[in-house]
Amino acid sequence: MPAPASPVYALVDCNNFYVSVERVFNPKLEHRPVVVLSNNDGCAVARSPEAKALGIQMGAPWFQLQPLVKRHGLIGLSSNYTLYGDMSARVMQVLRTFTPDVEVYSIDESFLRLERMRQLWPCPAAMGQAIRTQVRQWTGIPVCVGIGPTKTLAKLANHIAKKHPRCGGVVDMTTFPERELVSLLSAIDVAKVWGVGRRIAARLAAMHIHTVEDLRRASPKAIRLQFSVVLERTVAELQGNSCLALEDVAPAKKQIVSSKSFGRMVLTRDELGEALSTYVGRAAEKLRAQKSVAGALQIFVMTNVFRETEPQYSNGIVIPLPLPTNDTMRLVAAALYGLKRIYKPGYAYKKCGVMLMDLSPQHQRQPSLLAQVDDVADHSNAVMSVLDSINARYGRDTLTIAAAGIRKDWAARSENKTPCYTTRWSELPKAWAH
DNA sequence: TCTGGGGTCCTAGGACCC
DNA sequence: TCTGGGGTCCTAGGACCC
């Protein structure tokens with residue numbers, strides 16, 4: 001039997017994803033500084049190259065960028081996650097035409113394993129180029145491809161591909177001679193390594209480990225003693241020993257969170273209750289989509305931490321559920337009960353949220369010893385599937401529960417949002433022939 | 001006026017058990 | 001005077017990711 005081929009990982013990462021999506025539908029955004037804002041139009045979470053060139057940092061608060069709007073014509077778009085989610089699915093679909101070995105890692109990146117398709121291509125880099133071209137042609141989204149013997153090296157290769165346009169958007173580390181690799185990795189800050197954040201970078205610096213090459217030369221065992229098994233694996237991966245496998249089937253989520261800042265301060269328990277009910281509804285939709293039930297729910301409320309001179313209050317509470325459920329009504333009832341316990345009048349609340357925990361598969365639900373619940377459960381299943389199918393067909397929030405409120409004037413700001421071009425009939429882009 | 005949201009994993013330490 | 005040792009489970013906090 002032939003030895004199994006050593007793994008070849010690719011990381012395909014969309015360039016400035018949210019901005020690129022907006023540009024697909026509005027070419028006037030080309031060549032201009034554009035940022036896409038976080039929820040509530042809070043801060044910049046995606047930047048066009050022109051915006052980066054103006055020195056705008058990731059996470060810069062939008063209100064601080066106002067001078068650039070006047071001086072450089074900076075455009076700030078509210079985020080349109082429905083659109084980005086749909087475009088992401090299209091990109092991933094294209095990747096699957098190249099290989100079934102795809103792990104969707106985030107909304108804008110996927111890991112691929114290439115070696116099963118190896119004989120179809122002259123080299124991995126050629127396959128990388130083909131992926132780039134195809135995704136661009138079929139979706140309009142530019143991507144970069146990094147290739148390496150481990151996920152960590154593929155990530156690094158992708159970083160290099162993004163940084164150096166001369167590479168043509170594809171970097172294949174599997175073919176680098178050792179000498180070249182050493183000089184390349186010696187020039188990259190260790191903080192660029194996947195899994196090395198600010199804190200760890202600072203501690204590494206104290207140990208005179210500054211570059212990727214420094215970390216690659218470290219002993220995994222020594223790193224294990226100072227840090228944890230996580231960083232030990234990172235070092236091993238840098239050395240070419242693959243420790244992180246491709247997860248091509250997405251595991252079910254272990255917790256589901258929905259939380260959001262308000263567009264204005266919220267004072268009353270009623271309004272907090274509306275917001276909480278809204279978020280519980282969202283979280284419960286996600287819960288049912290993965291066919292799980294929750295055994296407990298946590299809620300939290302908080303005032304605005306940035307207003308240091310104002311009285312602050314933040315609190316949370318876990319509410320165990322007598323029976324694991326994914327019924328919006330039951331979950332809302334539990335959340336409102338929790339709110340009653342932790343709400344304090346006299347504070348200006350800025351944010352609240354809910355976390356569904358203790359998730360387990362729907363079909364494994366434990367029957368209760370105490371209650372005759374089967375009829376009730378069947379009834380609630382029926383109601384929830386009607387709710388979900390109507391909303392799937394006619395759009396989110398066509399049907400909601402009354403506790404979530406109607407006016408929702410506490411809702412987050414979203415002042416410059418583009419249409420849902422690809423997911424709403426009424427918002428399809430129009431083209432005229434001349 | 002104005003500062004995001006949603007996840008995962010690991011470790012240390014306490015509670016508890018035999 | 002003198003007070004075991006080993007194991008598991010749970011939780012909070014910290015670190016990271018996009």
Side-chain angles (χ1 to χ4, degrees), chain A residues 11-18 35-46 56-67 69 76-81 84-85 88 103-111 151-152 155 158-159 190-204 223-234 243-244 247 250-265 279 282-283 286-287 290 295-296 298 300 302-308 310 316 318 320 348 350-359 411-416:
Chain A
L11 180 73
V12 182
D13 190 322
C14 302
N15 304 348
N16 325 309
F17 182 55
Y18 299 166
V35 294
V36 172
L37 304 171
S38 63
N39 254 306
N40 216 15
D41 293 346
C43 35
V45 293
I56 297 173
Q57 297 296 309
M58 187 71 173
W62 175 231
F63 73 93
Q64 287 175 3
L65 299 176
Q66 292 313 304
V69 173
L77 298 172
S78 305
S79 42
N80 185 344
Y81 286 105
Y84 310 149
S88 169
E103 171 189 340
V104 176
Y105 177 67
S106 76
I107 194 165
D108 71 337
E109 10 177 339
S110 273
F111 285 104
K151 281 180 159 183
T152 303
K155 266 276 206 193
N158 192 283
H159 168 78
V190 71
K192 300 288 188 249
V193 173
W194 189 38
V196 177
R198 240 188 29 239
R199 300 301 185 100
I200 289 179
R203 287 172 61 194
L204 286 172
I223 290 293
R224 172 77 164 100
L225 289 176
Q226 294 284 318
F227 298 88
S228 75
V229 64
V230 182
L231 199 62
E232 179 189 22
R233 282 199 284 254
T234 298
C243 304
L244 306 171
E247 289 179 26
K253 300 236 180 304
K254 297 175 177 174
Q255 57 178 43
I256 293 173
V257 177
S258 177
S259 72
K260 226 175 256 140
S261 304
F262 307 125
R264 60 161 167 81
M265 291 305 159
Y279 304 160
R282 288 267 182 281
K286 292 187 211 167
L287 184 66
Q290 73 164 31
Q298 179 172 22
F300 70 88
M302 59 195 291
T303 50
N304 188 345
V305 290
F306 291 101
R307 292 195 183 173
E308 288 168 16
E310 292 189 6
V318 176
K350 177 62 177 169
K351 184 175 178 176
C352 73
V354 59
M355 188 188 304
L356 304 181
M357 308 179 305
D358 254 350
L359 307 191
R413 270 185 302 277
S414 181
E415 288 172 356
N416 195 10

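Chain naming here is simple, since letters A, B, ... match the order of the sequence lines and numbering starts at 1 in each. Predicted model, so just to flag it, every value in this text is computed and none were measured.
In this structure, K260(A) NZ and S38(A) OG are separated by 11.5 Å, a value rounded to the nearest 0.5 Å. Atoms CG and CG, on L231(A) and L204(A) in that order, are 6.0 Å from each other to the nearest 0.5 Å.
At a threshold of 4.0 angstrom between heavy atoms, the contacts of D108(A) are confined to the sugar-phosphate backbone, with no base atom among them. Residue S79(A) is out of contact with every strand shown, counting any heavy-atom pair closer than 4.0 Å. V36(A) comes within contact range of no nucleotide atom at all, as no heavy-atom separation falls under 4.0 Å. Using a 4.0 Å heavy-atom criterion, one finds that Q255(A) contacts the bases of the nucleic acid, with or without backbone contacts as well. As judged by a 4.0 angstrom heavy-atom cut-off over every strand, I256(A) is placed among residues touching the sugar-phosphate backbone only. At a threshold of 4.0 angstrom between heavy atoms, the contacts of R264(A) with the nucleic acid are absent. Using a 4.0 Å heavy-atom cutoff across all strands shown, I200(A) reaches sugar-phosphate atoms only and no base atom.
Put simply, the side chain of T234(A) does not reach to within 4.5 Å of the side chain of F227(A), judged on heavy atoms. In this structure the side chain of L359(A) never reaches within 4.5 angstrom of the side chain of K254(A), judged on heavy atoms. Annotation: side chain of V35(A) is in contact with side chain of W62(A) (closest heavy-atom distance under 4.5 Å). With a 4.5 Å cut-off on side-chain heavy atoms, K151(A) and E103(A) count as touching. Within the 4.5 Å cutoff, the side chain of Y105(A) has no heavy atoms near those of the D13(A) side chain.
Nucleotides dT3(B) and dC18(C) place their P atoms 25 Å apart, quoted to the nearest Å.
For R233(A) and dC10(B), the shortest distance from a side-chain N or O to OP1 or OP2 is below 4.0 Å. Contact check, R203(A) against dG14(C): no side-chain N or O comes under 4.0 Å of OP1 or OP2. Distances shown here put a side-chain N or O of S259(A) below 4.0 Å from the OP1 or OP2 atom of dG6(B). In this structure, K350(A) does not reach the dC2(B) phosphate: none of its side-chain N or O atoms is under 4.0 Å from OP1 or OP2. Within the structure, every side-chain polar atom (N or O) of S261(A) is placed at least 4.0 Å from both OP1 and OP2 of dT3(B). Regarding contacts with the backbone of dC18(C), a side-chain N or O of K155(A) is found under 4.0 angstrom from either OP1 or OP2.
Remark: dG7(C) base-pairs with dC16(B). Criterion, Watson-Crick or G-U wobble with two distances under 3.5 Å.
Candidate nucleotides dC18(C), dT3(B), dG6(B) were compared by shortest atom distance to the side chain of V257(A), and dG6(B) ranks first. Checking dT11(B), dT1(B), dG4(B) against the side-chain heavy atoms of S38(A) singles out dG4(B) as nearest. The side chain of V229(A) sits closest to dT11(B) out of dC18(C), dG6(B), dT11(B). Here the side chain of K253(A) is nearest to one of dG7(B), dG5(B), dG4(B), namely dG7(B). With dC18(C), dT1(B), dA15(C) as the candidates, the nucleotide lying closest to the side chain of E109(A) is dC18(C). Comparing atom distances between the V230(A) side chain and each of dC10(B), dT8(B), dC2(B) picks out dC10(B) as nearest. Comparing atom distances between the R199(A) side chain and each of dT3(B), dC18(C), dC16(C) picks out dC16(C) as nearest. The side chain of M265(A) lies closest to dC2(B), out of dG4(B), dC2(B), dC18(C). Nearest to the side-chain atoms of C43(A) among the listed nucleotides dG5(B), dG4(B), dC16(C) stands dG4(B). Of the listed nucleotides (dC2(B), dC17(C), dG4(B)), dC2(B) has the atom at the smallest distance from the side chain of R413(A).
For I107(A) and dG7(B), the CD1 to P distance is 12 Å, given to the nearest whole Å. When rounded to the nearest whole Å, the span between CH2 of W194(A) and C1' of dC18(C) equals 11 Å. dC16(C) atom P lies 19 Å from atom NZ of K151(A), rounded to whole Å. For D13(A) and dC17(C), the CG to P distance is 14 Å, given to the nearest whole Å. Nucleotide dC18(C) holds its C1' atom 13 Å from the CD atom of E103(A), rounded to whole Å. In this structure, Q57(A) places its CD atom 15 Å from C1' of dT3(B), rounding to the nearest Å. What separates CZ of R307(A) from C1' of dT1(B) is a distance of 7 Å, to the nearest Å. If you measure from atom CZ of F262(A) to atom C1' of dT3(B), you get 16 Å, rounded to the nearest angstrom.
Just one of D41(A), N416(A), N39(A) meets the side chain to side chain donor-acceptor pair (under 3.5 Å) condition when paired with S78(A); it is D41(A).
Heavy-atom nearest nucleotides on DNA chain B were determined for K286(A) and for V45(A), and the one closer to the 5' end corresponds to V45(A). Nearest-nucleotide assignment on DNA chain B puts the 5′-proximal partner with F63(A), out of F63(A) and R224(A).
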